[in-house]
Amino acid sequence: MKKICLVITGLCLSIIGAFAQVSDSSAYKSRKLVVEEVNLVSSYYHQDGNNSAVEGGIGSEKLTDFANILEVKMYHYDKKNRKHSWALEAGIDYYTSASSDRIDTKANSSASSSDIRFYPMVSCNMENEVKGTNIGLHASFSTEFDYQSIGFGASFGKKSKDRNRELTLRAQAYLDQVSIILPIELRGFGGGGEDEGYPREARNSYSFSASVSQVINERLQLMLITELVKQDGFLALPFHRVIFNDNSPARSEKLPSSRFKVPIGLRANYFMGDHLVLRSFYRYYQDDWGLNSHTADIEAVYKFSSFVSLTPFYRYYKQTAIDYFAPYQQHKPTDEFYTSNYDLSAFTSHFYGAGIRLGAPRGVLGIKKWNMVEIRYGRYNRSTNLNANIISMHLKFK
Amino acid sequence: MQLYKRVLRLMGNRFEFTVVLPPDENIFAEHVIDLAVAEVSRIERLLTTYDEKSQTNQVNNAAGEHAVAVDHEVFKLIERSLRISILTQGAFDISYGSLDKKLWNFDKTMTSLPEPETARKMVRLINFRNIILDAENTTVMLKEKGMRIGFGGIGKGYAAERAKKVMQDAGIKNGIVNAAGDLTTWGFQPDGKPWTIGIAHPDASHQPFSVLEISNAAVATSGNYEKFVMIGGKKYSHTIDPKTGLPVSGIKSVTIVSTNAEIADAMATPIMVMGIKVGLDLINQMSQIACIIIDDHDRLYTSKNIKLT
């Protein structure tokens with residue numbers, strides 16, 4: 001069963017359980033809610049006929065989260081203990097914060113200044129609904145601890161008259177500055193170890209992508225996609241060490257300063273009646289470092305009834321090694337380029353499994369409140385000795 | 001599995017879309033995010049008050065005169081808004097846009113509050129009961145001339161839910177839509193862990209005071225942050241109580257956790273308006289919703305379903 005965990009890292013927040021000092025607002029009074037109001041959240045869309053937003057697929061699992069008490073863990077720290085707080089912050093990717101202009105009715109277009117400061121971005125989009133065309137331009141700037149990026153791009157879309165075919169072209173360029181964080185023993189002295197000590201290198205990426213999607217008929221949808229990518233600059237991951245065959249000192253991996261990638265993929269979705277949906281995907285990929293790969297993926301959703309469905313899936317992936325790969329202690333120190341990162345070695349992987357979902361409107365195992373259970377099992381095999389079994393179970397309670 | 005993200009400005013806010021897909025799936029990721037962006041843009045066009053032809057403005061321009069037919073979708077959104085208005089005793093009200101700013105306006109340099117009578121006059125047109133819905137013809141009528149509605153308090157949450165729906169329908173099993181801090185999550189991070197959400201400290205919006213781990217849940221925060229004034233030693237927020245017309249005081253921020261971003265978005269500000277006691281009492285009676293309040297003295301209050309350990 002899932003639990004919600006709230007970790008308080010507090011800037012001197014105190015917890016109050018009693019309401020001794022809370023003054024009552026005169027305009028609003030506590031009142032007893034009627035049943036419908038108590039269940040507002042679960043019944044929110046029911047009057048809408050739009051159950052799917054809350055009931056369909058994964059959405060329905062949402063309800064389990066609130067069946068339980070949410071657990072809150074308290075942490076206290078002071079300014080001397082900053083490292084601790086940094087570690088916590090490093091794990092946070094998303095923030096909830098008030099966009100202070102929310103209640104202003106002009107919120108629809110006003111800026112919240114604090115956002116602009118960190119993520120300036122301009123974009124414009126022109127859509128011609130009659131012609132079915134769409135032209136967009138954008139530019140962005142973002143800065144993070146070890147990354148600075150300037151990006152711009154343009155896109156063009158065109159729908160066919162019957163709206164069954166859509167072409168999208170997109171060109172993008174990103175000019176990035178990457179901080180080079182070396183393995184600790186390869187760092188020079190004097191840097192002090194703080195963030196100012198890391199040298200920065202340029203990494204630029206230019207891409208052009210094209211995709212065509214086509215609705216063949218009510219049952220079959222296809223999409224053909226390709227994206228040409230040219231990268232130049234510092235493309236290695238400096239924290240990867242390479243150990244050579246002659247006991248010479250370890251070095252950080254070294255790779256060419258340019259890479260050209262060409263993938264081409266086809267995606268097909270087939271709706272076979274009300275009971276079966278097939279989703280499939282194939283891609284071929286090649287680059288000028290010598291890596292080429294095939295990916296094939298198929299997933300089926302079979303509904304036996306509205307209460308029981310089975311979803312088997314299989315994903316196949318095969319790639320060749322890049323020209324500069326050699327295992328541990330097999331690179332010669334005279335090699336121009338070297339890496340021992342196994343993600344760039346030759347391997348084949350298989351990922352397969354299935355999920356089964358059982359819904360019981362009158363309750364699973366006679367437990368009235370328990371009305372759905374879903375179990376997924378997946379096995380991942382990679383030829384470079386990486387195997388994993390993944391089992392997940394989701395329960396839903398009313 | 002890895003994260004694919006795009007950040008852009010939509011509905012006047014910073015939107016961030018994140019999906020989890022296997023490596024080298026960037027083209028499909030872009031395609032799915034395109035779908036989500038198109039959905040949010042569509043909702044923006046429908047609801048904006050900046051376009052005279054938007055459905056919102058058609059309704060506003062006919063205030064006191066006649067009913068206006070709107071899309072089923074807009075009608076239902078208004079219907080749900082009214083349910084929240086009743087629930088919050090009018091602290092949430094989409095006719096908040098009827099605020100008469102000619103009489104008095106909140107700004108950071110003010111040194112005194114308006115007379116209670118002036119303040120009440122200012123909000124005289126705010127009344128969700130004067131939004132008349134006709135389900136048969138899906139029309140909306142604003143009873144009083146000069147009345148205006150707007151979706152600033154619920155539109156972002158609605159857009160986030162819709163964007164999530166569009167991406168789920170395209171087969172995305174894990175992701176986040178973050179509409180300027182009002183965010184909705186589903187599934188898990190690439191490493192299989194729940195999403196980690198920081199709640200910004202009300203005094204330093206770039207720094208979290210707490211960390212929340214959620215999956216398949218939505219979070220929204222409302223707060224006065226920098227937008228407040230000190231009058232007579234008391235802090236007043238830019239949020240105006242639609243009943244009294246006076247700025248709200250006492251609470252720095254309210255965070256709502258629920259299963260639905262639209263509800264989380266819509267409930268955060270009214271709780272701030274209703275006050276700690278009444279607000280918590282309301283949330284405590286409801287299921288599938290939780291709330292974290294920080295008052296002006298940095299004290300933390302939570303609804304009963306949050307346990308401190």
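The chains referred to below are lettered A, B, ... by the order of the sequence lines, with proteins before strands, and numbering in each begins at 1. Keep in mind that what you see is a predicted model, and the values were worked out from it rather than measured. Note: hydrogens, waters and symmetry copies are ignored here, and every other heavy atom, side chains too, is used.
The CD atom of Gln172(A) sits 5.5 Å away from atom CD of Glu30(B), with the distance rounded to the nearest 0.5 Å. The CE atom of Met286(B) lies 7.0 Å from the CG atom of Leu33(A); values are rounded to the nearest 0.5 Å.
Options Arg267(A), Glu299(A), Glu227(A) differ in how many heavy-atom pairs under 4.5 Å they form with chain B, and the most are formed by Arg267(A). For the set Asp281(B), Leu87(B), Ile86(B), the entry with the most heavy-atom pairs within less than 4.5 Å of chain A is Leu87(B).
In terms of heavy-atom proximity, Gln89(B) sits nearest to Lys29(A) at NE2-O, 2.7 Å. A pairwise comparison of heavy atoms in Tyr28(A) and Val278(B) identifies O-CG2, 3.5 Å as the closest pair. Residues Gln285(B) and Arg31(A) approach most closely at NE2-O, 2.8 Å, considering heavy atoms.
Listed by chain and residue number, Phe351(A) satisfy the ring pair (Phe, Tyr, Trp, His ring centres under 6.0 Å) test with Phe313(A) (two or more places apart in sequence, or in another chain). Shown here are the ring pair (Phe, Tyr, Trp, His ring centres under 6.0 Å) partners of Phe208(A), two or more places apart in sequence or in another chain: there are none.
For Thr295(A), no part lies near chain B; criterion is any non-hydrogen pair under 4.5 Å. Using a 4.5 Å cut-off between heavy atoms, Asp34(B) touches chain A through its side chain atoms alone.
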